Visitor: 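Before anything else, here's the structure in question.
In what follows, chains carry the letters A, B, and so on, assigned in the order in which the sequence lines appear, proteins first and then strands, with residues in each chain numbered from 1. Because the structure is a prediction, the values reported are computed rather than measured.
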Amino acid sequence: MLDQKLIRENPTSVEENLSLRGKIFEISHIHELTIKKKEIDIEISCLQSESKKLSKLIGMQISKSHDNNSPEINNLKKKGNEYRIKISEFEEKKRILEKQIHNEIDKLPNFPSKDAPIGKDESDNVQIKKWGNPLKKNNLESHWELGERLNLFDSIKTTKISKSRFVTLKGNGARLERALINFMLDIHSNNGYLELMPPVLVNSESLRGSGQLPKFSNESFKCSNDDLWLSPTAEVPVTAFHRNEIVDPKLLPIKYVAYSSCFRREAGSYGKDTKGLIRLHQFNKVELYWFSDPSKSLEAHKKITADAESILQKLDLPYRLVDICTGDLGFSSSRTFDLEVWLPSSQCYREISSCSNCLDFQARRSSIRSKIDKKNTYLHTLNGSGLAIGRTMAAILENGQLSDGSVKIPDALVPYFGSNFIKTT
RNA sequence: GGAGAGGUGGCUGAGUGGUUGAAAGCGGCUCCCUGCUAAGGAGUUACAGGAGGUAACUUUUGUCGAGGGUUCGAAUCCCUCCCUCUCCGCCA
């Protein structure tokens, strides 16, 4: 959520900043509403002050005269009643305005960082670095072919259970998933992250707090009988974990690693990535999350990205680091670095982690503050996958495939997986 | 899901319509005395928002689970909801 005061006092700069996203954001109507609200705020404050004084006076007089029905007292009461009516009228107006303002501001995305490359869409993203040697050979198997041949997972039969875009992992596939989850959790928690295992059902307020609502209600699954949704990412419950808190500044930065299943409707992506593990309605993810002192979040962003990268390096998976351009930034993010892993079968890099600095955008929506320099200040929140498990599995299968048809397990993972190779059974 | 009990400041806990943001205690902070891994005495100590000031600060509003209502005035009365605890049921 953007700062209401900023919208009130400097609407032009707000519009300019937002327009870096490559779209026009027109906020003059919100600006007017905030001005009106401010006027009413002041009015209410004055009336309340008067009315409060009057009530005290009445109290004093009654206790002095022991008569609460004298003409003078009744006169004062009458006056108080007038205050009450006036105040409630103004409050009603204020309520309506506040609701309108919130509804509108909630739909505005975060400001892009000045450091983010300016651009319209994906094609303007900037590659920052490459790591590892992409496997380039002909006749490579896709991970779904490997998965079927090696009996690692089954998508077809799973449509009976749910529908398309779900998968059932089997045997070594299930084992590999489990190994990856433990591997990643161990590395991060040994690196100063506190492990969290949050619920996957989250309420509307939690989704609003991290920016998925109100604009993206189409992208999450909703429970019909309760105010609960299937969480699209652990970022949602972890942000909500500290909602309405004033965090002890001594605890900063707070670093969490949260494992959870994630659920996405993938509306609008019909026909894309229909095979394999790349785009599922349900997938597992190990998420990194920081609550940071605002003055340190740029540094934190580098660190969280490096922590995510370290997993790819330990697994010896070729990847590149991409600076997301202003037009391609997510709703809540001001700057995002994507990690894209090499998938040999399609000879391209695919997103496996997205590391974002949301500045105070989510903290403001969720009211998460800390007393910094004697003032309650909204914290900065950062999140990054560390990593998406399904896509990591796909990358391991494709990059590790050997000419004899087996798959080599990265050395670092062997203690978790329990074997050096996946072979035909 | 049923029945009951409860939700007050950092904590414990009083407070059933009136100068109550809230007694008392604990804890915290400051000072004094004493002197040594401690005790005693005095004082002080909620939080959040707005406005004004470079600032120390001043001023104002709100807050006793949340939201409504009654009233000139609500921690206190009424309604709705949420949460916690105990018992029963159900269940992993």
Visitor: Can you check each nucleotide of nucleotides 70-84 of chain B against protein heavy atoms at under 4.0 Å and return B for base, S for sugar-phosphate only, - for none, in 5' to 3' order?
Guide: -BBS-----------
Visitor: Compile the donor-acceptor pairs under 3.5 Å between side chains in residues 406-415 of chain A and protein atoms, sequence neighbours left out, one pair per line.
Guide:
from, atom 1, to, atom 2, distance (Å)
A/S406, OG, A/D404, OD1, 2.6
A/S406, OG, A/D404, OD2, 3.4
A/K408, NZ, A/D411, OD1, 3.0

Visitor: Checking A/H380 now: which residues fulfil ring pair (Phe, Tyr, Trp, His ring centres under 6.0 Å) with it, not counting sequence neighbours?
Guide: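 Once residues adjacent in sequence are excluded, A/H380 has no partner under the ring pair (Phe, Tyr, Trp, His ring centres under 6.0 Å) criterion.
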Visitor: Salt bridge between A/R335 and A/D323, side-chain N to carboxylate O under 4.0 Å?
Guide: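 Yes, A/R335 and A/D323 are salt-bridged.
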Visitor: Looking at residues at least two apart in the chain, or sitting in another chain, which of them share a ring pair (Phe, Tyr, Trp, His ring centres under 6.0 Å) with A/F221?
Guide: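 Expected list: A/H281.
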Visitor: Taking distance alone, no hydrogens or angles, what donor-acceptor pairs closer than 3.5 Å link side-chain atoms of residues 245-253 of chain A to residues at least two apart or in another chain?
Guide:
from, atom 1, to, atom 2, distance (Å)
A/E245, OE1, A/H242, ND1, 2.7
A/D248, OD1, A/K250, N, 2.9

Visitor: Which part of the nucleic acid, if any, lies within contact of A/I42, taking any heavy atom under 4.0 Å across all strands shown: a base, the sugar-phosphate backbone alone, or nothing?
Guide: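 Contact class for A/I42: none.
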Visitor: Any salt bridge linking A/E92 with A/R95? Criterion: basic side-chain nitrogen under 4.0 Å from a carboxylate oxygen.
Guide: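 Yes, charged N to carboxylate O under 4.0 Å.
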Visitor: By side chain to side chain donor-acceptor pair (under 3.5 Å), which residues pair with A/N284, not counting sequence neighbours?
Guide: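 For A/N284, the residues satisfying side chain to side chain donor-acceptor pair (under 3.5 Å) (neighbours in sequence not counted) are A/E177, A/Y259, A/S261.
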Visitor: Report the stems of RNA chain B as range-with-range entries sorted by first number; a stem here is at least three consecutive pairs, Watson-Crick or G-U wobble, both distances under 3.5 Å, and write none if there are none.
Guide: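 Stem list for RNA chain B: B:1-7 with B:82-88, B:10-12 with B:24-26, B:27-32 with B:40-45, B:46-52 with B:57-63, B:65-69 with B:77-81.
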Visitor: Mind checking salt bridge (charged side-chain N to carboxylate O under 4.0 Å, His left out) for A/R279 and listing every partner two or more places apart, or none if nothing turns up?
Guide: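 With sequence neighbours excluded, A/R279 shows a salt bridge (charged side-chain N to carboxylate O under 4.0 Å, His left out) to A/E266, A/D273, given in chain and number order.
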Visitor: Give the B/S/- string for nucleotides 52-62 of chain B, one per nucleotide from 5' to 3', where a protein heavy atom under 4.0 Å of the base yields B, of only the sugar-phosphate yields S, and otherwise -.
Guide: --------SSS
Visitor: A/N244 has an atom CG; how far is it from atom C1' of B/G49, in whole Å?
Guide: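 Rounded to whole Å, this separation is 14 Å.
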Visitor: With side-chain hydrogen bond (donor to acceptor under 3.5 Å, both in side chains) as the test, would you mind laying out the steps for A/S354 and A/D338 before giving the verdict?
Guide: CA-CA 4 Å; A/S354 195; A/D338 271 7; 2.7 Å; yes
Visitor: Among all residues two or more places apart in sequence or in another chain, which pass the side-chain contact (heavy atoms from CB on, under 4.5 Å) test with A/P214?
Guide: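 Counting only residues at least two positions away or on another chain, A/P214 forms a side-chain contact (heavy atoms from CB on, under 4.5 Å) with A/D106, A/K107, A/R365.
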Visitor: Using a cut-off of strictly less than 4.0 Å between a heavy atom of the residue and any atom of RNA chain B, enumerate the qualifying residues of residues 194-213 of chain A by number.
Guide: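 Heavy-atom contacts with RNA chain B come from no residue of residues 194-213 of chain A; none.
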Visitor: With sequence neighbours left out, write down each residue that passes salt bridge (charged side-chain N to carboxylate O under 4.0 Å, His left out) with A/D307, or none if nothing qualifies.
Guide: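 If we apply the salt bridge (charged side-chain N to carboxylate O under 4.0 Å, His left out) test to A/D307, skipping adjacent residues, there are no hits.
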Visitor: Should we say atom NZ of A/K170 is surrounded by more than 12 heavy atoms from elsewhere, each under 6.0 Å from it?
Guide: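 Yes - once you tally the heavy atoms of other residues, nucleotides and ligands closer than 6.0 Å, there are more than 12.
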Visitor: Is A/R369 near enough to B/A48 that one of its side-chain N or O atoms lies under 4.0 angstrom from OP1 or OP2?
Guide: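 Answer no for this pair, as no side-chain N or O of A/R369 is under 4.0 Å from OP1 or OP2.
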